[in-house]
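Below, all heavy atoms of this structure are taken into account, side chains as well, without hydrogens, waters or symmetry copies.
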Amino acid sequence: MPEVTARYRPGTPCWVDLMAKDQQAALDFYRDLFGWQGEVGPAEFGGYAICSLNGRPVAGIAPQLSPEGEPLPPVVWTTYLASDDADATLAAVNAAGGTTLMPAVDVGTVGRMLVASDPTGAVFGVWQPVEFIGAQVVNEPGALTWNDLHTSDVGAASAFLGSVFGTETAEMAGRVGYRVIQVDGRPVGGVTGLQDDPPGTPSHWRVWFAVDDTDSTVDALVKAGGTVLAPPTDGPAGRSALVADPQGAAFAVVTPA
């Protein structure tokens, strides 16, 4: 069932957002590519835009903002993992060797969040819902369908997630070196090495969006100024491609098998 109405279990990817150099250009690009609707949000929330698909929240797009004197954050998609208690999760992150990049803060009345990195340097967010659970549509064209961690140390990254969120990982059948993150025995994401990433790629979370037709989506992306990082190929999950938007944010698209 694509629509999500219940809270996500801790450790489950529940939201993704993009920090863009040009927020309006990003809103226009993803509207045309995925059919999202979104507009620049209130100033008190830094203009953060919640994009919707068929009237249901699907992802966020925000302008690049940083404290005065600090460098701007990179243009990237960030994966948020669900938590029932952001402060307890932050303590667990630090105890497990992670690094706090943004301490836990309230986001109005909708939730509490933080940003951290694991011991291998992969950055992720944590979302504790109050009035807003996160993505309310997943696993359908134009929506989030998968998140996986590409890391320099699969064992250390898997152990960190287990320590912080209580998740388990298990080797995926038929795919050597790829581990599935499980919450209550249900697959919610993946962990893999950097062997298939370009040399020098740091540890990172990759965001996957489902599409009706990978090839036509890639064609549309290129016409809109995006870049193909890995062309469409067939694999166990379906036909997928790794791409970047015109501002350089990388993501994957897949037509599920």
Side-chain angles (χ1 to χ4, degrees), residues 11 13 15-21 26 29-30 33 59 64 71-81 97-99 101 115-125 144-162 164 167 169-182 187-211 214-215 217-218 221-222 225-257:
W15 186 244
V16 294
D17 65 16
L18 171 67
M19 292 289 181
K21 297 174 186 174
F29 171 81
Y30 288 99
L33 192 69
Q64 280 182 313
L72 287 172
V75 179
V76 294
W77 279 101
T78 298
T79 292
Y80 289 77
L81 305 177
T99 301
L101 302 178
V115 180
S117 62
D118 71 16
T120 75
V123 175
F124 62 97
L144 183 69
T145 192
W146 192 247
N147 306 70
D148 53 16
L149 171 57
H150 293 235
T151 174
S152 57
D153 189 329
V154 171
S158 299
F160 171 83
L161 291 173
V164 174
T167 57
T169 59
E171 287 286 339
M172 176 180 279
R175 190 168 174 188
V176 177
Y178 193 95
R179 300 184 67 83
V180 175
I181 302 169
Q182 297 177 333
V188 300
V191 184
T192 187
L194 296 168
Q195 62 276 0
D196 295 327
D197 289 274
T201 300
S203 298
H204 64 282
W205 280 85
R206 180 175 294 174
V207 174
W208 295 70
F209 296 109
V211 294
T214 295
D215 294 82
T217 299
V218 169
L221 173 135
V222 170
T227 305
V228 178
L229 304 177
T233 56
D234 294 314
R239 187 161 178 80
S240 65
L242 180 63
V243 296
D245 69 20
Q247 299 183 53
F251 60 96
V253 293
V254 60
T255 303

In Å, rounded to the nearest 0.5 Å, how long is the span from [atom1] of [X] to [atom2] of [Y]?
X    : Y    : atom1 : atom2 : result
L161 : F124 : CG    : CZ    : 7.0 Å
I181 : L149 : CD1   : CG    : 6.5 Å
H150 : T120 : NE2   : OG1   : 12.0 Å
L81  : N147 : CG    : CG    : 8.0 Å

For [X] and [Y], indicate whether the former's side chain and the latter's backbone hold a donor-acceptor pair under 3.5 Å.
X    : Y    : answer
Q247 : K21  : yes
S203 : S152 : yes
T255 : V211 : yes
Q64  : M19  : no

For [X] against [Y], the heavy-atom pair lying closest together:
X    : Y    : value
P119 : G97  : CG-O, 3.6 Å
L194 : P202 : CD2-O, 3.9 Å
V254 : A237 : CG2-O, 4.0 Å
V180 : P187 : CG1-CB, 3.4 Å
W77  : A249 : CD1-CB, 4.0 Å
W146 : G190 : CZ2-N, 3.6 Å

Could you work out, with salt bridge (Lys or Arg N to Asp or Glu O under 4.0 Å) as the rule, every residue matching R179, not counting sequence neighbours? E171
Looking at residues at least two apart in the chain, or sitting in another chain, which of them share a salt bridge (Lys or Arg N to Asp or Glu O under 4.0 Å) with D197? R206
Less than 4.5 Å apart, any side-chain heavy atom of T169 and any of V154? no
Counting C-beta onward and ignoring hydrogens, is there a side-chain heavy-atom pair between P13 and V188 closer than 4.5 Å? yes
Passes side-chain contact (heavy atoms from CB on, under 4.5 Å), V123 versus V76? Steps please. CA-CA 10 Å; V123 175; V76 294; over 6 Å; no
Residues L221, V253; criterion side-chain contact (heavy atoms from CB on, under 4.5 Å); working and verdict: CA-CA 11 Å; L221 173 135; V253 293; over 6 Å; no
Going by side-chain contact (heavy atoms from CB on, under 4.5 Å), V16 matches just one of W208, F209, W205, Y80. Which one? F209
Aromatic ring centroids of Y30 and F251 under 6.0 Å? yes
